[in-house]
Amino acid sequence: MSLARRIREMEASPTMAVDAKAKALKAAGEPVIGFGAGEPDFPTPDHIVEAARAAAYEPAAHRYSPAGGQPALRQAVATATSASSGQTYEAANVVITNGGKHALYNIFMALLDDGDEVLVPAPYWVSFPEQIKLAGGVPVAVATTKDTGFQATVAQLEAARTERTTALVFVSPSNPTGAVYDAEATAAIGQWAADNGIWVVTDEIYQRLVYGDARFVSLPQVAPAAAERTIITSGVAKTYAMTGWRVGWAVAPGEIAAGMGKLQSQVTSNVCNVAQAAALEALTGPQDAVEAMRQAFDRRRQVAVDALSAIPGVSVVEPMGAFYVFPSFEEVLGAEVAGRRVENTLDLAEVLLEEAKVAVVPGEAFGAPGYARLSYALGDDDLAEGIGRIAALLAG
Ligand SMILES: Cc1ncc(COP(=O)(O)O)c(C=O)c1O
């Protein structure tokens, strides 16, 4: 075996695998409904696409640009992040990356030395543990359950803290649970991090997708003492239906931002200039499409929660943000479904795909066996039909 150990020991992204399998089955003519992908079904708003079209004709966009991002976009991100976080960020604090995923990778690479521990509240987004390991760190899962609304407490974090704890990953709204921490809980966690000299990597990619009474709070806004050791990451993918454009960013104290810029200068160079022009228009242009999409997600969220809760043996904590619902299937495990014994949610996801042609991501992928993640960022008809198929299959 000549493949390097770091790659041998790494898990491929299970969400991307489920999505790829569902898309392949669909392309082969199977009537598959995919709840796997974490991406809006809407097209990118026209004014953003137009900005990209114009940029594509600019010779400057055909050339290399600064590795850390185009100055205008870095400034726009600095301005927006300063407003939401209550801190003052300059363009130099911003690094533009190939999506939020790449921003997170750069952050862990810039922050961690071998053996540094990073607390990751579970259920977690699939890429955190793998990226932390790639950077030489040690992911330490902090389990939460539906009984606490999938929110980690200071007491749990404190119990997991050791001398090697370097950073905490804080994601609100959360993927996969849709949990949104309120200001008080966020402030308490930020203060705890500050008191213990722990870095906070706060992932704000779903900041514009909150529902009902839930409000997004940026951690440094309510815990200013944590600001000097906080790195904020976000991107255009989820807010503007731009998953395929691959633009995200990290906003960090100067030394860390410069470190990430250095890393990019050796590894990726600049993010595609046309995509950066699109992201600049997304941030600085009209915002009405954002609210229209949020309202559509909110409507679908309620449909999904009601339909899943009505299935015997399935229980749902109402998600208040992002576009995922994370029901528990624990009560249906150990039984026969479509003539097959279903021991865990990996088995369940397989039976659902094969028998009902419905793709969901098993909770095991998020460090939460017994659950499954369904994205409700898909068309209304597919949403109702897909959950109807799950109900029918489980009813036998
Ligand atoms: C919590 C979280 N962070 C970051 C990302 C990365 O998004 P992207 O790389 O498409 O910008 C995702 C995507 O699913 C996510 O769920």
Side-chain angles (χ1 to χ4, degrees), residues 13-15 18 35-40 100 104 119-129 139-154 156-157 160 168-182 185-186 189 201-217 219 233-234 237-238 294 297-298 300-309 311 314-331 344-345 348-349 360-378 383 387 390:
S13 165
T15 48
V18 168
F35 288 101
E39 60 181 349
L104 286 157
L119 302 184
V120 186
Y124 44 68
W125 179 51
V126 295
S127 295
F128 289 122
V140 177
V142 178
T144 71
T145 66
K146 62 181 189 312
D147 304 325
T148 52
F150 299 113
Q151 299 194 19
T153 62
V154 166
Q156 284 179 302
L157 298 174
L168 161 73
V169 170
F170 183 76
V171 190
S172 176
S174 151
N175 172 8
T177 65
V180 180
Y181 288 71
D182 67 15
T186 307
I189 289 174
V201 178
T202 178
D203 183 337
E204 301 188 342
I205 199 140
Y206 296 103
Q207 71 187 99
R208 303 280 291 271
L209 297 174
V210 288
Y211 313 108
D213 294 337
R215 295 286 170 269
F216 165 75
V217 238
L219 184 136
T233 171
S234 191
K238 317 289 179 172
R294 190 196 69 82
F297 293 140
D298 190 12
R300 296 168 186 180
R301 174 182 77 101
Q302 292 166 35
V303 169
V305 168
D306 290 348
L308 285 163
S309 309
I311 303 175
V314 177
S315 66
V316 183
V317 175
E318 184 183 3
M320 298 309 291
F323 38 57
Y324 309 100
V325 56
F326 200 61
S328 163
F329 289 90
E330 285 155 309
E331 285 180 31
N344 50 40
T345 26
L348 180 68
V360 305
V361 187
E364 283 80 352
F366 310 99
Y371 297 84
R373 191 192 78 176
L374 286 77
S375 161
Y376 49 82
L378 76 177
L383 183 70
I387 297 179
I390 298 173

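Hydrogens, waters and symmetry mates play no part in the numbers below; they use all other heavy atoms, side chains included.
- A donor-acceptor contact shorter than 3.5 Å is absent between the side chain of Ser328 and the backbone of Ser315.
- Between the CD1 atom of Ile205 and the CG atom of Leu104 there is a distance of 8.0 Å, given to the nearest 0.5 Å.
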Show, in sequence, the C-alpha distance, side-chain angles and deciding distance for Thr153 and Thr148, and conclude whether the side chain to side chain contact (heavy atoms under 4.5 Å, CB included) test is met. CA-CA 9 Å; Thr153 62; Thr148 52; 5.7 Å; no

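- Minimum interatomic distance between Thr186 and Val217 (heavy atoms only, all atoms of both residues): OG1-CG2, 3.8 Å.
- Arg294 pairs by the side chain to side chain donor-acceptor pair (under 3.5 Å) definition with Glu291, not counting sequence neighbours.
- In this structure, Ile311 and Ile387 have side chains that are in contact, with non-hydrogen atoms separated by less than 4.5 Å.
- Taken from CD in Gln207 to NZ in Lys238, the straight-line distance is 13.5 Å, to the nearest 0.5 Å.
- Phe297 contributes atom CZ, which lies 10.0 Å from atom CG of Leu378 (distance to the nearest 0.5 angstrom).
- Taking the six-membered ring for Trp and the full ring otherwise, Tyr371 and Phe150 have centroids separated by under 6.0 Å.
- Rounded to the nearest 0.5 angstrom, Phe326 CZ and Asn175 CG are separated by 9.0 Å.
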Given Phe128 and Val201, is the side chain to side chain contact (heavy atoms under 4.5 Å, CB included) satisfied, shown in steps? CA-CA 11 Å; Phe128 289 122; Val201 178; 5.7 Å; no

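- The shortest non-hydrogen separation linking Gln156 to Val142 is CB-CG1, 3.9 Å.
- Looking at heavy atoms from C-beta onward, Val316 lies in side-chain contact with Ser309 at the 4.5 angstrom threshold.
- In this structure, Pro123 and Ala368 approach most closely via the heavy-atom pair CG-CB, 3.7 Å.
- Atom-to-atom distance recorded for Glu204:CD and Phe170:CZ is 9.0 Å, nearest 0.5 angstrom.
- No more than 12 heavy atoms of other residues, nucleotides or ligands lie within 6.0 Å of CG in Asp213, so this atom counts as exposed by the packing criterion.
- Here the CH2-CG distance, from Trp125 to Asp203, works out to 7.0 Å after rounding to the nearest 0.5 Å.
- Contact record, Ser172 with Tyr181: OG-N, 2.9 Å, taken as the closest heavy-atom pair.
- The main-chain N or O of Tyr324 is never found under 3.5 Å from a side-chain atom of Arg373 such that the two would form a donor-acceptor pair.
- For the pair Val305 and Tyr376, the minimum side-chain heavy-atom distance is 4.5 Å or more.
- In terms of heavy atoms, Thr233 sits closest to Gly100 at OG1-O, 4.1 Å.
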Checking Phe35 against Leu383 for the side chain to side chain contact (heavy atoms under 4.5 Å, CB included) test, could you report, in this order, the C-alpha distance in whole Å, the side-chain angles of both residues, the deciding distance, and whether it holds? CA-CA 8 Å; Phe35 288 101; Leu383 183 70; 3.7 Å; yes

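- Across every non-hydrogen atom of Thr177 and Ser174, the tightest pair is OG1-OG, 2.9 Å.
- A distance of 6.0 Å or more separates the ring centres of Phe216 and Tyr206.
- A donor atom on one side chain and an acceptor atom on the other are not found under 3.5 Å apart for Gln302 and Asp306.
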The test is side chain to side chain contact (heavy atoms under 4.5 Å, CB included); show your working for Gln151 and Thr144 and say whether it passes. CA-CA 6 Å; Gln151 299 194 19; Thr144 71; 5.9 Å; no

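- Formation of a donor-acceptor pair under 3.5 Å by the Tyr211 side chain with backbone atoms of Pro319 is not found in this model.
- Leu374 has its side chain within reach of Pro327: a pair of non-hydrogen atoms, C-beta onward, lies under 4.5 Å apart.
- Remark: side-chain polar atoms of Arg301 are not paired, donor with acceptor, to backbone N or O of Met320 under 3.5 angstrom.
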